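Only a predicted model underlies this, so the values are computations on that prediction, with no experimental measurement involved. We name chains A, B, ... by the order of the sequence lines, and we start the count at 1 in each one.
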Amino acid sequence: MRHVFDVHRLVFRIGELASMTQVSARQLRYWEKKQLIKSREREGEQARVYTFGTFVQVSMIKYYLDNGYTLTAAAAKAQERDSRAKLLRRFIFKGLRGFAEMDGQVAINMGAFDDQQTLMALVPEEGTVTYRLVPNAEARRLTQDLPD
DNA sequence: GTTCTGACA
DNA sequence: TGTCAGGA
């Protein structure tokens with residue numbers, strides 16, 4: 001059933017994307033010419049192919065457009081939001097992968113604090129979460145990656 | 001049937 | 001941005 005959740009398999013043609021997002025095919029082509037979005041060409045085809053990521057991007061631009069932003073501003077807003085989402089995703093991903101045990105408690109490796117130290121979050125079964133800075137080498141030693 | 005580029009009564 | 005032409 002994993003294949004059902006593989007977003008890489010979710011690709012669309014311009015007509016599909018247009019009806020999904022309420023953005024006209026004319027607009028999609030125009031936005032692409034203005035470098036606001038991208039489409040990848042299908043081998044041997046001349047028809048555009050859009051990824052799921054582009055669907056999300058177009059949806060965000062459409063949203064800001066409907067809320068009064070100009071096309072350029074809407075695209076900038078969407079890009080900004082996408083950047084923050086990627087940061088958050090990276091943070092969560094690293095957090096989920098970096099479990100460790102410290103003082104008998106579960107700790108989450110929250111990534112490098114600076115050049116030498118790593119921020120660890122100690123999460124007790126109950127009560128307040130506390131934080132501790134440990135040398136990078138120790139953090140690496142304590143942290144065990146979870147299987148994919 | 002769908003998509004593509006270019007053009008504008 | 002819509003829409004139509006003329007091809008693919």
Side-chain angles (χ1 to χ4, degrees), chain A residues 1-102 106-123 128-134 136-148:
Chain A
M1 281 296 282
R2 272 190 81 114
H3 65 282
V4 172
F5 305 104
D6 185 2
V7 295
H8 298 299
R9 298 186 61 176
L10 299 180
V11 293
F12 320 102
R13 294 176 61 173
I14 198 166
E16 299 170 321
L17 187 59
S19 58
M20 289 162 64
T21 60
Q22 295 298 295
V23 172
S24 70
R26 171 77 168 84
Q27 286 175 298
L28 291 173
R29 296 192 188 97
Y30 179 65
W31 295 2
E32 180 175 342
K33 194 188 303 181
K34 299 212 71 170
Q35 314 262 300
L36 270 32
I37 60 174
K38 290 180 181 175
S39 71
R40 68 164 206 237
E41 303 286 328
R42 181 187 283 166
E43 286 184 30
E45 276 305 323
Q46 63 284 351
R48 293 171 175 76
V49 174
Y50 298 96
T51 65
F52 184 81
T54 302
F55 160 64
V56 175
Q57 196 179 3
V58 170
S59 299
M60 290 195 297
I61 294 176
K62 165 70 172 172
Y63 170 80
Y64 287 114
L65 221 44
D66 288 344
N67 280 276
Y69 289 85
T70 62
L71 177 57
T72 307
K77 274 278 186 181
Q79 182 57 57
E80 187 181 318
R81 193 187 176 290
D82 186 59
S83 297
R84 272 188 268 112
K86 281 179 177 170
L87 278 178
L88 180 60
R89 180 181 57 77
R90 198 174 311 148
F91 175 79
I92 292 175
F93 184 68
K94 289 211 169 191
L96 286 175
R97 298 207 71 197
F99 278 114
E101 184 175 320
M102 296 179 69
V106 172
I108 298 176
N109 183 329
M110 301 188 68
F113 179 76
D114 56 32
D115 287 345
Q116 301 177 350
Q117 302 177 103
T118 296
L119 181 62
M120 302 293 290
L122 278 66
V123 187
T128 310
V129 174
T130 58
Y131 300 91
R132 188 177 303 171
L133 288 173
V134 302
N136 289 335
E138 184 182 345
R140 262 199 304 280
R141 183 171 57 76
L142 291 174
T143 302
Q144 45 188 311
D145 289 344
L146 294 177
D148 295 328

Rounded interatomic separation in angstrom, taking [atom1] from [X] and [atom2] from [N]:
X	N	atom1	atom2	result
Ile14(A)	dG1(B)	CD1	C1'	15 Å
Arg29(A)	dG6(B)	CZ	P	11 Å
Lys33(A)	dC4(B)	NZ	P	13 Å

Hey, does the side chain of [X] reach the backbone of [Y] with a donor-acceptor pair shorter than 3.5 angstrom?
X	Y	value
Gln57(A)	Leu36(A)	yes
Ser59(A)	Phe55(A)	yes
Asn136(A)	Thr118(A)	yes

Are any of Arg48(A)'s side-chain N or O atoms less than 4.0 Å away from OP1 or OP2 of dT3(B)? no
Over 60° means perpendicular and under 30° means parallel, so classify the ring planes of Phe12(A) and Phe52(A), tilted if in between. tilted
Working note: Gln27(A) + Ser24(A), criterion side-chain hydrogen bond (donor to acceptor under 3.5 Å, both in side chains); need CA distance, chi angles, decisive distance, verdict. CA-CA 5 Å; Gln27(A) 286 175 298; Ser24(A) 70; 3.2 Å; yes
Do Asp82(A) and Met60(A) come within less than 4.5 Å of each other through their side chains, counting heavy atoms only? yes
Close N/O contacts between protein and nucleotides 1-6 of chain C (under 3.5 Å):
| from | atom 1 | to | atom 2 | distance (Å) |
| --- | --- | --- | --- | --- |
| dT1(C) | OP2 | Gln27(A) | NE2 | 2.2 |
| dT1(C) | O5' | Gln27(A) | NE2 | 3.2 |
| dG2(C) | OP2 | Ser24(A) | OG | 2.7 |
| dG2(C) | N7 | Arg26(A) | NE | 3.2 |
| dG2(C) | O6 | Arg26(A) | NH2 | 3.1 |
| dT3(C) | O4 | Arg26(A) | NE | 3.1 |

Base partner of dG2(C), which must satisfy Watson-Crick or wobble distances under 3.5 Å: dC8(B)
Across all strands, who's sitting opposite dA8(C) as a Watson-Crick or G-U wobble pair, both distances under 3.5 Å? dT2(B)
